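The structure displayed is predicted, hence computed values, not measured ones. Throughout, protein chains are lettered first and strands after them, A, B, ... in sequence-line order, and every chain is numbered starting at 1.
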Number of protein chains: 2
Amino acid sequence: MHQAHPALRQPVTAADRVLQEIQRAIVEGDIAAGSKISEPELARRFDLSRAPLREALARLERCHLIERIPNAGARVVTLSTAGLLALYQLRENLEGLACKLAAEHMTEAEITEVRQLLDQHLSSQRVREGESYYQEAGDLDFHYRVILGSKNSYLINILCDELYYLVRMYRVQLGMNGPRVSRAFDEHKAIINAIANRDGELADLLMRRHIAASRRNIELQLQQMGS
Amino acid sequence: MHQAHPALRQPVTAADRVLQEIQRAIVEGDIAAGSKISEPELARRFDLSRAPLREALARLERCHLIERIPNAGARVVTLSTAGLLALYQLRENLEGLACKLAAEHMTEAEITEVRQLLDQHLSSQRVREGESYYQEAGDLDFHYRVILGSKNSYLINILCDELYYLVRMYRVQLGMNGPRVSRAFDEHKAIINAIANRDGELADLLMRRHIAASRRNIELQLQQMGS
DNA sequence: TAGGTGTATATTGTCGACAATTTCCCGCCA
DNA sequence: TGGCGGGAAATTGTCGACAATATACACCTA
(Lines give C-alpha, C1' and ligand atoms only; values in the text may rest on other atoms or scores of the structure.)
Protein backbone atom coordinates (compact mmCIF):
# COMPACT_ATOMS: atom_id res chain seq x y z
CA MET A 1 0.00 0.00 0.00
CA HIS A 2 2.97 2.27 0.67
CA GLN A 3 6.60 1.38 0.95
CA ALA A 4 8.27 3.03 3.95
CA HIS A 5 6.10 4.31 6.73
CA PRO A 6 6.14 8.09 7.30
CA ALA A 7 6.83 7.60 10.99
CA LEU A 8 10.26 6.15 10.37
CA ARG A 9 10.94 8.15 7.22
CA GLN A 10 13.70 10.63 7.79
CA PRO A 11 12.89 14.28 7.17
CA VAL A 12 13.79 15.55 3.74
CA THR A 13 12.07 18.90 3.62
CA ALA A 14 12.32 21.89 5.94
CA ALA A 15 8.72 21.39 6.99
CA ASP A 16 9.56 17.82 8.02
CA ARG A 17 12.45 18.97 10.18
CA VAL A 18 10.56 21.73 11.95
CA LEU A 19 7.66 19.34 12.45
CA GLN A 20 9.86 16.93 14.34
CA GLU A 21 11.36 19.73 16.41
CA ILE A 22 8.00 21.18 17.38
CA GLN A 23 6.59 17.73 18.03
CA ARG A 24 9.39 17.02 20.45
CA ALA A 25 9.01 20.44 22.05
CA ILE A 26 5.30 19.97 22.65
CA VAL A 27 5.58 16.38 23.84
CA GLU A 28 8.34 17.26 26.30
CA GLY A 29 6.48 20.32 27.51
CA ASP A 30 9.05 22.72 26.13
CA ILE A 31 6.09 24.48 24.57
CA ALA A 32 3.54 24.51 27.36
CA ALA A 33 0.28 22.61 27.04
CA GLY A 34 -2.62 24.96 26.40
CA SER A 35 -0.40 27.80 25.26
CA LYS A 36 -1.20 29.80 22.17
CA ILE A 37 0.92 29.27 19.11
CA SER A 38 2.23 32.32 17.29
CA GLU A 39 3.23 31.62 13.72
CA PRO A 40 5.58 34.62 13.37
CA GLU A 41 7.29 33.77 16.66
CA LEU A 42 7.83 30.12 15.78
CA ALA A 43 9.02 31.10 12.32
CA ARG A 44 11.69 33.32 13.88
CA ARG A 45 12.58 30.73 16.49
CA PHE A 46 13.22 28.01 13.93
CA ASP A 47 14.53 30.43 11.34
CA LEU A 48 12.27 29.72 8.40
CA SER A 49 9.33 31.26 6.64
CA ARG A 50 5.71 30.73 7.54
CA ALA A 51 4.96 28.46 4.58
CA PRO A 52 6.76 25.33 5.80
CA LEU A 53 5.75 26.22 9.35
CA ARG A 54 2.09 26.13 8.42
CA GLU A 55 2.61 22.80 6.72
CA ALA A 56 4.05 21.53 9.98
CA LEU A 57 1.12 22.97 11.95
CA ALA A 58 -1.31 21.12 9.69
CA ARG A 59 0.41 17.87 10.57
CA LEU A 60 0.54 18.73 14.25
CA GLU A 61 -3.21 19.14 14.14
CA ARG A 62 -3.43 15.75 12.51
CA CYS A 63 -1.73 14.09 15.48
CA HIS A 64 -3.87 16.03 17.94
CA LEU A 65 -1.02 18.02 19.43
CA ILE A 66 -2.56 21.37 18.52
CA GLU A 67 -6.07 22.62 17.81
CA ARG A 68 -6.69 25.23 15.15
CA ILE A 69 -9.54 27.64 14.74
CA PRO A 70 -9.85 29.33 11.34
CA ASN A 71 -8.70 32.93 11.37
CA ALA A 72 -8.02 32.73 15.08
CA GLY A 73 -4.88 30.68 15.41
CA ALA A 74 -3.74 27.49 17.06
CA ARG A 75 -3.31 26.34 20.65
CA VAL A 76 -1.38 23.44 22.08
CA VAL A 77 -3.82 20.84 23.39
CA THR A 78 -4.69 20.85 27.04
CA LEU A 79 -4.26 17.61 28.92
CA SER A 80 -7.28 16.36 30.82
CA THR A 81 -8.44 13.22 32.55
CA ALA A 82 -11.36 12.90 30.17
CA GLY A 83 -9.09 13.23 27.16
CA LEU A 84 -6.67 10.68 28.53
CA LEU A 85 -9.42 8.14 29.16
CA ALA A 86 -10.91 8.66 25.70
CA LEU A 87 -7.47 8.18 24.19
CA TYR A 88 -6.77 4.98 26.10
CA GLN A 89 -10.22 3.63 25.36
CA LEU A 90 -9.37 3.84 21.70
CA ARG A 91 -5.86 2.49 22.18
CA GLU A 92 -7.17 -0.57 23.95
CA ASN A 93 -9.35 -1.50 21.02
CA LEU A 94 -6.97 -0.56 18.24
CA GLU A 95 -3.91 -2.23 19.69
CA GLY A 96 -6.01 -5.24 20.56
CA LEU A 97 -6.99 -5.44 16.92
CA ALA A 98 -3.38 -4.91 15.91
CA CYS A 99 -2.39 -7.92 18.01
CA LYS A 100 -5.06 -10.09 16.50
CA LEU A 101 -3.90 -9.16 13.01
CA ALA A 102 -0.25 -9.51 13.96
CA ALA A 103 -0.95 -13.09 15.03
CA GLU A 104 -2.21 -13.71 11.51
CA HIS A 105 0.33 -11.77 9.51
CA MET A 106 3.68 -11.52 11.29
CA THR A 107 6.44 -13.65 9.82
CA GLU A 108 8.48 -16.00 11.99
CA ALA A 109 11.49 -13.77 11.40
CA GLU A 110 9.65 -10.70 12.68
CA ILE A 111 8.51 -12.59 15.76
CA THR A 112 12.06 -13.70 16.47
CA GLU A 113 13.24 -10.10 16.15
CA VAL A 114 10.69 -8.89 18.67
CA ARG A 115 11.76 -11.60 21.11
CA GLN A 116 15.38 -10.62 20.78
CA LEU A 117 14.34 -7.03 21.29
CA LEU A 118 12.56 -7.90 24.52
CA ASP A 119 15.53 -9.81 25.94
CA GLN A 120 17.83 -7.01 24.95
CA HIS A 121 15.68 -4.36 26.57
CA LEU A 122 15.23 -6.44 29.68
CA SER A 123 18.96 -6.83 30.22
CA SER A 124 19.76 -3.19 29.57
CA GLN A 125 16.83 -2.28 31.78
CA ARG A 126 18.27 -4.23 34.71
CA VAL A 127 21.48 -2.28 34.41
CA ARG A 128 19.84 1.11 34.28
CA GLU A 129 17.40 0.28 37.05
CA GLY A 130 14.76 2.95 37.31
CA GLU A 131 15.75 5.11 34.40
CA SER A 132 12.38 5.63 32.88
CA TYR A 133 13.64 6.87 29.56
CA TYR A 134 14.84 3.46 28.50
CA GLN A 135 11.67 1.83 29.68
CA GLU A 136 9.71 4.30 27.62
CA ALA A 137 11.79 3.68 24.52
CA GLY A 138 11.67 -0.07 24.92
CA ASP A 139 7.95 -0.08 25.55
CA LEU A 140 7.26 2.06 22.51
CA ASP A 141 9.52 -0.10 20.41
CA PHE A 142 7.61 -3.25 21.35
CA HIS A 143 4.23 -1.71 20.65
CA TYR A 144 5.45 -0.30 17.34
CA ARG A 145 6.66 -3.69 16.16
CA VAL A 146 3.38 -5.38 16.95
CA ILE A 147 1.42 -2.60 15.27
CA LEU A 148 3.58 -2.81 12.16
CA GLY A 149 3.09 -6.57 12.28
CA SER A 150 -0.63 -6.10 11.72
CA LYS A 151 0.21 -5.12 8.13
CA ASN A 152 -2.91 -2.93 8.01
CA SER A 153 -1.68 0.42 6.78
CA TYR A 154 -4.70 2.37 8.03
CA LEU A 155 -4.31 0.93 11.50
CA ILE A 156 -0.58 1.59 11.45
CA ASN A 157 -1.15 5.13 10.36
CA ILE A 158 -3.67 5.87 13.09
CA LEU A 159 -1.66 4.36 15.91
CA CYS A 160 1.88 5.36 14.97
CA ASP A 161 1.28 8.72 13.31
CA GLU A 162 -1.84 10.14 14.86
CA LEU A 163 -2.18 8.82 18.38
CA TYR A 164 1.25 7.96 19.73
CA TYR A 165 2.66 11.45 20.04
CA LEU A 166 -0.26 12.36 22.26
CA VAL A 167 0.15 9.18 24.28
CA ARG A 168 3.79 10.08 24.83
CA MET A 169 2.83 13.63 25.77
CA TYR A 170 0.59 12.35 28.55
CA ARG A 171 3.27 9.94 29.73
CA VAL A 172 6.03 12.51 29.78
CA GLN A 173 4.13 15.45 31.22
CA LEU A 174 2.13 13.57 33.80
CA GLY A 175 5.10 11.38 34.71
CA MET A 176 3.48 8.09 33.82
CA ASN A 177 6.33 5.68 34.41
CA GLY A 178 5.37 3.97 37.63
CA PRO A 179 6.70 0.72 39.04
CA ARG A 180 5.08 -1.41 36.38
CA VAL A 181 8.41 -1.98 34.70
CA SER A 182 9.03 -5.68 35.23
CA ARG A 183 5.36 -6.54 35.10
CA ALA A 184 5.08 -4.80 31.76
CA PHE A 185 7.97 -6.89 30.47
CA ASP A 186 6.20 -10.09 31.48
CA GLU A 187 3.04 -8.93 29.78
CA HIS A 188 4.97 -8.16 26.62
CA LYS A 189 6.42 -11.64 26.68
CA ALA A 190 3.00 -13.21 27.08
CA ILE A 191 1.70 -11.19 24.15
CA ILE A 192 4.47 -12.15 21.77
CA ASN A 193 4.02 -15.77 22.83
CA ALA A 194 0.36 -15.65 21.92
CA ILE A 195 1.27 -14.10 18.58
CA ALA A 196 3.89 -16.79 17.98
CA ASN A 197 1.23 -19.44 18.69
CA ARG A 198 -0.99 -17.71 16.14
CA ASP A 199 -3.60 -17.27 18.85
CA GLY A 200 -5.04 -13.94 17.77
CA GLU A 201 -7.90 -13.99 20.22
CA LEU A 202 -5.61 -14.42 23.18
CA ALA A 203 -3.12 -11.84 21.91
CA ASP A 204 -6.00 -9.39 21.55
CA LEU A 205 -7.20 -10.06 25.09
CA LEU A 206 -3.72 -9.79 26.61
CA MET A 207 -2.98 -6.53 24.86
CA ARG A 208 -6.27 -5.03 25.99
CA ARG A 209 -5.50 -6.02 29.55
CA HIS A 210 -1.97 -4.71 29.24
CA ILE A 211 -3.19 -1.29 28.16
CA ALA A 212 -6.09 -1.29 30.60
CA ALA A 213 -3.59 -1.93 33.40
CA SER A 214 -1.54 0.98 32.22
CA ARG A 215 -4.66 3.11 32.10
CA ARG A 216 -5.68 2.19 35.66
CA ASN A 217 -2.16 2.99 36.78
CA ILE A 218 -2.52 6.43 35.26
CA GLU A 219 -5.98 6.96 36.71
CA LEU A 220 -4.62 6.22 40.18
CA GLN A 221 -1.81 8.69 39.79
CA LEU A 222 -4.16 11.36 38.49
CA GLN A 223 -6.57 10.74 41.32
CA GLN A 224 -3.98 11.11 44.05
CA MET A 225 -2.62 14.19 42.34
CA GLY A 226 -6.08 15.74 42.29
CA SER A 227 -6.74 15.07 45.98
CA MET B 1 -13.35 18.52 24.00
CA HIS B 2 -14.27 20.68 21.05
CA GLN B 3 -17.54 22.37 20.24
CA ALA B 4 -18.63 21.78 16.65
CA HIS B 5 -17.14 18.93 14.72
CA PRO B 6 -15.03 19.87 11.66
CA ALA B 7 -17.01 17.47 9.47
CA LEU B 8 -20.20 19.48 9.76
CA ARG B 9 -18.48 22.84 10.11
CA GLN B 10 -19.17 24.97 7.09
CA PRO B 11 -16.16 26.19 5.15
CA VAL B 12 -14.95 29.64 6.07
CA THR B 13 -11.64 29.85 4.29
CA ALA B 14 -10.76 29.38 0.61
CA ALA B 15 -8.76 26.29 1.48
CA ASP B 16 -11.87 24.81 3.13
CA ARG B 17 -13.97 25.38 0.04
CA VAL B 18 -11.49 23.94 -2.42
CA LEU B 19 -10.96 20.99 -0.08
CA GLN B 20 -14.64 20.12 -0.24
CA GLU B 21 -14.71 20.50 -4.00
CA ILE B 22 -11.70 18.29 -4.57
CA GLN B 23 -12.96 15.77 -2.03
CA ARG B 24 -16.21 15.47 -3.91
CA ALA B 25 -14.38 15.29 -7.25
CA ILE B 26 -12.15 12.47 -6.08
CA VAL B 27 -14.90 10.52 -4.34
CA GLU B 28 -17.18 10.72 -7.37
CA GLY B 29 -14.36 9.80 -9.72
CA ASP B 30 -14.35 13.17 -11.40
CA ILE B 31 -10.63 13.12 -10.77
CA ALA B 32 -9.64 9.59 -11.68
CA ALA B 33 -8.31 7.19 -9.06
CA GLY B 34 -4.57 6.72 -9.40
CA SER B 35 -4.10 9.86 -11.46
CA LYS B 36 -1.31 12.28 -10.73
CA ILE B 37 -2.22 15.58 -9.14
CA SER B 38 -0.72 18.73 -10.62
CA GLU B 39 -0.73 21.68 -8.25
CA PRO B 40 -0.53 24.36 -10.96
CA GLU B 41 -3.35 22.73 -12.92
CA LEU B 42 -5.67 22.44 -9.95
CA ALA B 43 -4.82 25.97 -8.91
CA ARG B 44 -5.93 27.24 -12.31
CA ARG B 45 -8.98 25.01 -12.34
CA PHE B 46 -10.26 26.29 -9.02
CA ASP B 47 -8.91 29.77 -9.60
CA LEU B 48 -6.79 30.29 -6.53
CA SER B 49 -3.14 30.31 -5.61
CA ARG B 50 -1.11 27.29 -4.60
CA ALA B 51 -0.99 28.20 -0.92
CA PRO B 52 -4.58 27.31 -0.01
CA LEU B 53 -4.44 24.46 -2.49
CA ARG B 54 -1.52 22.90 -0.68
CA GLU B 55 -3.37 23.29 2.59
CA ALA B 56 -6.23 21.35 1.02
CA LEU B 57 -3.87 18.67 -0.27
CA ALA B 58 -2.47 18.20 3.22
CA ARG B 59 -5.97 17.47 4.47
CA LEU B 60 -6.72 15.19 1.52
CA GLU B 61 -3.70 13.16 2.51
CA ARG B 62 -5.07 13.02 6.02
CA CYS B 63 -8.26 11.34 4.84
CA HIS B 64 -6.33 8.94 2.62
CA LEU B 65 -7.69 10.29 -0.66
CA ILE B 66 -4.24 11.18 -1.98
CA GLU B 67 -0.70 10.01 -1.31
CA ARG B 68 2.17 12.46 -1.34
CA ILE B 69 5.84 11.86 -1.89
CA PRO B 70 8.17 14.71 -0.91
CA ASN B 71 9.50 16.62 -3.90
CA ALA B 72 7.69 14.29 -6.23
CA GLY B 73 4.05 15.25 -6.00
CA ALA B 74 0.78 13.64 -5.10
CA ARG B 75 -1.38 10.92 -6.62
CA VAL B 76 -5.00 10.05 -6.05
CA VAL B 77 -5.21 6.73 -4.21
CA THR B 78 -5.74 3.58 -6.20
CA LEU B 79 -8.62 1.36 -5.18
CA SER B 80 -7.78 -2.25 -4.49
CA THR B 81 -9.38 -5.28 -2.94
CA ALA B 82 -6.68 -5.46 -0.30
CA GLY B 83 -7.17 -1.81 0.59
CA LEU B 84 -10.91 -2.21 0.81
CA LEU B 85 -10.64 -5.20 3.11
CA ALA B 86 -8.14 -3.44 5.36
CA LEU B 87 -10.45 -0.46 5.54
CA TYR B 88 -13.51 -2.50 6.43
CA GLN B 89 -11.55 -4.52 8.96
CA LEU B 90 -10.88 -1.31 10.79
CA ARG B 91 -14.41 -0.01 10.34
CA GLU B 92 -15.86 -3.14 11.86
CA ASN B 93 -13.89 -2.67 15.03
CA LEU B 94 -14.17 1.09 15.31
CA GLU B 95 -17.87 1.32 14.63
CA GLY B 96 -18.45 -1.61 16.94
CA LEU B 97 -16.67 0.34 19.64
CA ALA B 98 -18.66 3.43 18.72
CA CYS B 99 -21.87 1.47 19.27
CA LYS B 100 -20.74 0.20 22.63
CA LEU B 101 -19.91 3.72 23.73
CA ALA B 102 -23.09 5.12 22.22
CA ALA B 103 -25.08 2.68 24.35
CA GLU B 104 -23.40 4.24 27.37
CA HIS B 105 -23.45 7.88 26.40
CA MET B 106 -26.31 8.71 24.06
CA THR B 107 -29.14 10.69 25.59
CA GLU B 108 -32.73 9.55 25.28
CA ALA B 109 -33.40 12.55 23.08
CA GLU B 110 -30.62 11.60 20.69
CA ILE B 111 -31.91 8.04 20.50
CA THR B 112 -35.40 9.29 19.73
CA GLU B 113 -34.01 11.46 16.95
CA VAL B 114 -32.22 8.53 15.35
CA ARG B 115 -35.42 6.48 15.45
CA GLN B 116 -37.36 9.25 13.78
CA LEU B 117 -34.61 9.48 11.21
CA LEU B 118 -34.86 5.78 10.44
CA ASP B 119 -38.64 5.88 9.97
CA GLN B 120 -38.33 8.94 7.84
CA HIS B 121 -35.67 7.40 5.62
CA LEU B 122 -37.61 4.18 5.34
CA SER B 123 -40.76 5.89 4.10
CA SER B 124 -38.93 8.10 1.62
CA GLN B 125 -36.97 5.05 0.55
CA ARG B 126 -40.12 3.10 -0.29
CA VAL B 127 -41.21 5.93 -2.53
CA ARG B 128 -37.94 6.23 -4.38
CA GLU B 129 -37.52 2.49 -4.70
CA GLY B 130 -34.08 1.67 -5.96
CA GLU B 131 -32.58 5.12 -6.02
CA SER B 132 -29.31 4.36 -4.38
CA TYR B 133 -28.41 7.94 -3.63
CA TYR B 134 -31.00 8.22 -0.89
CA GLN B 135 -30.02 4.91 0.57
CA GLU B 136 -26.43 6.06 0.67
CA ALA B 137 -27.34 9.33 2.35
CA GLY B 138 -29.64 7.66 4.86
CA ASP B 139 -27.11 4.98 5.66
CA LEU B 140 -24.35 7.49 6.20
CA ASP B 141 -26.63 9.61 8.33
CA PHE B 142 -27.42 6.70 10.64
CA HIS B 143 -23.81 5.70 11.05
CA TYR B 144 -22.79 9.31 11.68
CA ARG B 145 -25.35 9.71 14.46
CA VAL B 146 -24.22 6.59 16.23
CA ILE B 147 -20.57 7.57 15.91
CA LEU B 148 -21.27 11.04 17.28
CA GLY B 149 -23.23 9.36 20.08
CA SER B 150 -20.03 7.68 21.27
CA LYS B 151 -18.91 11.09 22.52
CA ASN B 152 -15.28 10.07 22.03
CA SER B 153 -13.76 12.87 19.98
CA TYR B 154 -10.78 10.82 18.80
CA LEU B 155 -13.04 8.06 17.56
CA ILE B 156 -15.36 10.57 15.91
CA ASN B 157 -12.45 12.24 14.21
CA ILE B 158 -11.05 9.02 12.82
CA LEU B 159 -14.33 7.68 11.51
CA CYS B 160 -16.02 10.84 10.24
CA ASP B 161 -13.02 12.83 9.05
CA GLU B 162 -10.37 10.33 8.09
CA LEU B 163 -12.04 7.13 6.97
CA TYR B 164 -15.50 7.93 5.64
CA TYR B 165 -14.53 9.76 2.49
CA LEU B 166 -12.56 6.74 1.40
CA VAL B 167 -15.43 4.44 2.31
CA ARG B 168 -17.73 6.54 0.16
CA MET B 169 -15.19 6.53 -2.67
CA TYR B 170 -15.21 2.73 -2.75
CA ARG B 171 -19.00 2.66 -2.62
CA VAL B 172 -19.48 5.20 -5.36
CA GLN B 173 -16.80 4.04 -7.76
CA LEU B 174 -17.31 0.31 -7.37
CA GLY B 175 -21.08 0.71 -7.29
CA MET B 176 -21.60 -0.80 -3.86
CA ASN B 177 -25.33 -0.35 -3.41
CA GLY B 178 -26.67 -3.83 -3.84
CA PRO B 179 -30.08 -5.20 -2.83
CA ARG B 180 -29.32 -4.99 0.85
CA VAL B 181 -31.58 -1.99 1.24
CA SER B 182 -34.43 -3.27 3.38
CA ARG B 183 -32.22 -5.70 5.26
CA ALA B 184 -29.88 -2.86 6.16
CA PHE B 185 -32.82 -0.90 7.53
CA ASP B 186 -33.79 -3.81 9.78
CA GLU B 187 -30.23 -4.08 11.00
CA HIS B 188 -30.15 -0.38 11.77
CA LYS B 189 -33.34 -0.76 13.77
CA ALA B 190 -31.91 -3.64 15.75
CA ILE B 191 -28.79 -1.63 16.51
CA ILE B 192 -30.63 1.43 17.78
CA ASN B 193 -32.84 -0.86 19.87
CA ALA B 194 -29.80 -2.36 21.53
CA ILE B 195 -28.44 1.12 22.18
CA ALA B 196 -31.78 2.19 23.64
CA ASN B 197 -31.67 -0.84 25.96
CA ARG B 198 -28.19 0.26 27.00
CA ASP B 199 -26.89 -3.11 25.86
CA GLY B 200 -23.49 -2.04 24.60
CA GLU B 201 -22.22 -5.54 24.06
CA LEU B 202 -25.11 -6.45 21.78
CA ALA B 203 -24.97 -3.14 19.92
CA ASP B 204 -21.27 -3.76 19.31
CA LEU B 205 -21.95 -7.27 17.99
CA LEU B 206 -24.80 -6.17 15.75
CA MET B 207 -22.82 -3.34 14.23
CA ARG B 208 -19.87 -5.61 13.52
CA ARG B 209 -22.17 -8.05 11.79
CA HIS B 210 -23.86 -5.25 9.91
CA ILE B 211 -20.57 -4.01 8.51
CA ALA B 212 -19.25 -7.52 7.94
CA ALA B 213 -22.35 -8.26 5.87
CA SER B 214 -21.71 -5.15 3.85
CA ARG B 215 -18.11 -6.22 3.40
CA ARG B 216 -19.07 -9.70 2.20
CA ASN B 217 -21.49 -8.10 -0.21
CA ILE B 218 -18.67 -6.05 -1.64
CA GLU B 219 -16.30 -8.99 -1.78
CA LEU B 220 -18.86 -10.92 -3.83
CA GLN B 221 -19.29 -8.08 -6.28
CA LEU B 222 -15.53 -7.66 -6.63
CA GLN B 223 -15.07 -11.35 -7.16
CA GLN B 224 -17.60 -11.61 -9.96
CA MET B 225 -16.17 -8.51 -11.54
CA GLY B 226 -12.69 -10.01 -11.51
CA SER B 227 -13.79 -13.30 -13.11
C1' DT C 1 -18.43 52.54 37.02
C1' DA C 2 -20.13 49.16 33.62
C1' DG C 3 -21.05 48.31 29.04
C1' DG C 4 -20.79 49.00 24.27
C1' DT C 5 -18.50 50.98 20.18
C1' DG C 6 -14.97 52.20 17.15
C1' DT C 7 -10.38 52.33 15.97
C1' DA C 8 -5.62 50.44 16.08
C1' DT C 9 -2.87 46.55 16.31
C1' DA C 10 -1.64 41.96 15.60
C1' DT C 11 -2.44 37.57 13.50
C1' DT C 12 -3.97 34.54 9.98
C1' DG C 13 -5.02 33.63 5.00
C1' DT C 14 -3.62 34.36 0.29
C1' DC C 15 -0.75 35.75 -3.45
C1' DG C 16 3.04 35.84 -6.96
C1' DA C 17 7.89 34.97 -7.63
C1' DC C 18 12.23 32.48 -6.73
C1' DA C 19 15.04 28.30 -5.40
C1' DA C 20 15.70 23.39 -5.19
C1' DT C 21 14.64 19.02 -6.70
C1' DT C 22 12.89 15.70 -9.76
C1' DT C 23 11.45 14.02 -14.22
C1' DC C 24 11.77 13.68 -19.00
C1' DC C 25 14.14 13.52 -23.17
C1' DC C 26 17.94 13.49 -26.10
C1' DG C 27 22.42 12.14 -27.46
C1' DC C 28 26.24 9.14 -26.56
C1' DC C 29 28.58 4.86 -26.03
C1' DA C 30 29.21 -0.18 -25.47
C1' DT D 1 19.81 -1.91 -30.12
C1' DG D 2 19.89 -1.21 -25.25
C1' DG D 3 21.51 1.13 -21.34
C1' DC D 4 23.77 5.12 -19.30
C1' DG D 5 24.87 10.07 -18.39
C1' DG D 6 23.71 15.07 -19.13
C1' DG D 7 20.92 18.93 -19.77
C1' DA D 8 16.29 21.18 -20.28
C1' DA D 9 11.69 21.53 -18.68
C1' DA D 10 8.43 21.03 -15.33
C1' DT D 11 7.09 20.50 -10.61
C1' DT D 12 7.51 21.03 -5.73
C1' DG D 13 9.30 23.66 -1.71
C1' DT D 14 10.23 28.17 0.21
C1' DC D 15 10.13 33.07 0.63
C1' DG D 16 8.53 37.90 1.54
C1' DA D 17 4.69 41.01 0.97
C1' DC D 18 -0.29 42.09 0.84
C1' DA D 19 -5.26 41.39 2.13
C1' DA D 20 -8.75 39.90 5.29
C1' DT D 21 -10.06 38.72 9.69
C1' DA D 22 -9.91 38.67 14.68
C1' DT D 23 -8.21 40.63 19.03
C1' DA D 24 -7.05 44.48 22.25
C1' DC D 25 -7.55 48.86 23.91
C1' DA D 26 -9.07 53.32 24.49
C1' DC D 27 -12.99 56.20 24.38
C1' DC D 28 -17.63 57.49 24.82
C1' DT D 29 -22.22 56.92 26.79
C1' DA D 30 -25.75 55.71 30.14
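- Whole-Å rounding puts the Arg50(B) CZ to dT11(D) P distance at 10 Å.
- When only modelled atom types and interatomic distance are considered, Asn152(A) and His105(A) share no side-chain donor-acceptor pair under 3.5 Å.
- For the OP1/OP2 pair of dG13(D) and a distance below 4.0 Å, the side-chain nitrogens and oxygens of Arg54(B) include at least one atom meeting the criterion.
- The residue Ala14(B) sits close only to the backbone: its heavy atoms come under 4.0 Å of sugar-phosphate atoms, none of a base.
- In this structure, Glu41(A) atom CD and dT12(C) atom P are separated by 10 Å, rounded to whole Å.
- In this model, the phosphate group of dA10(C) is not approached by any side-chain N or O of Ser38(A) to a distance below 4.0 Å at OP1 or OP2.
- Among the atoms of the strands shown, only primed sugar atoms or phosphate atoms (P, OP1, OP2) are found under 4.0 Å from some heavy atom of Ile37(B).
- Note: CG (Leu48(B)) to C1' (dA19(D)) measures 15 Å, nearest angstrom.
- We find that CZ of Arg75(A) is positioned 14 Å from C1' of dA22(D), with the value rounded to whole Å.
- Taking the six-membered ring wherever Trp is involved, the centroid distance between the rings of Tyr88(B) and Tyr170(B) does not fall below 6.0 Å.
- Of the residues Ile26(A), Leu84(A), Val77(A), the one that meets the side-chain contact (heavy atoms from CB on, under 4.5 Å) test with Leu166(A) is Val77(A).
- Closest to the side chain of Asn71(A), from the set dT22(C), dC15(D), dA22(D), is dA22(D).
- Below 30°, between 30° and 60°, or above 60°: for Tyr164(A) and His143(A) the angle between ring planes is between 30° and 60°, a tilted geometry.
- Side-chain proximity of Thr13(A) to dC15(C), dG13(D), dC15(D): nearest is dG13(D).
- Using a cut-off of 4.0 Å between Lys/Arg side-chain N and Asp/Glu carboxylate O, Arg208(B) and Glu92(B) are scored as not salt-bridged.
- Following rounding to the nearest Å, Ile69(A) (CD1) and dG13(C) (C1') show an atom-to-atom distance of 16 Å.
- Of the side-chain N and O atoms in Lys36(A), none sit less than 4.0 angstrom from OP1 or OP2 of dA22(D).
- In the set dG13(C), dC15(C), dT22(C), dT22(C) carries the atom at the smallest distance from any side-chain atom of Ala72(B).
- Listed nucleotides dC15(C), dT14(D), dT12(C) differ in distance to Ala15(A); the shortest reach to its side chain belongs to dT14(D).
- Per the geometry, CD belonging to Glu39(B) stands 14 Å off P belonging to dC15(C), to the nearest Å.
- Going from atom CD of Glu61(A) over to atom C1' of dT12(C) covers 14 Å, rounded to whole Å.
- In this structure, Phe46(A) atom CZ and dC15(D) atom P are separated by 14 Å, rounded to whole Å.
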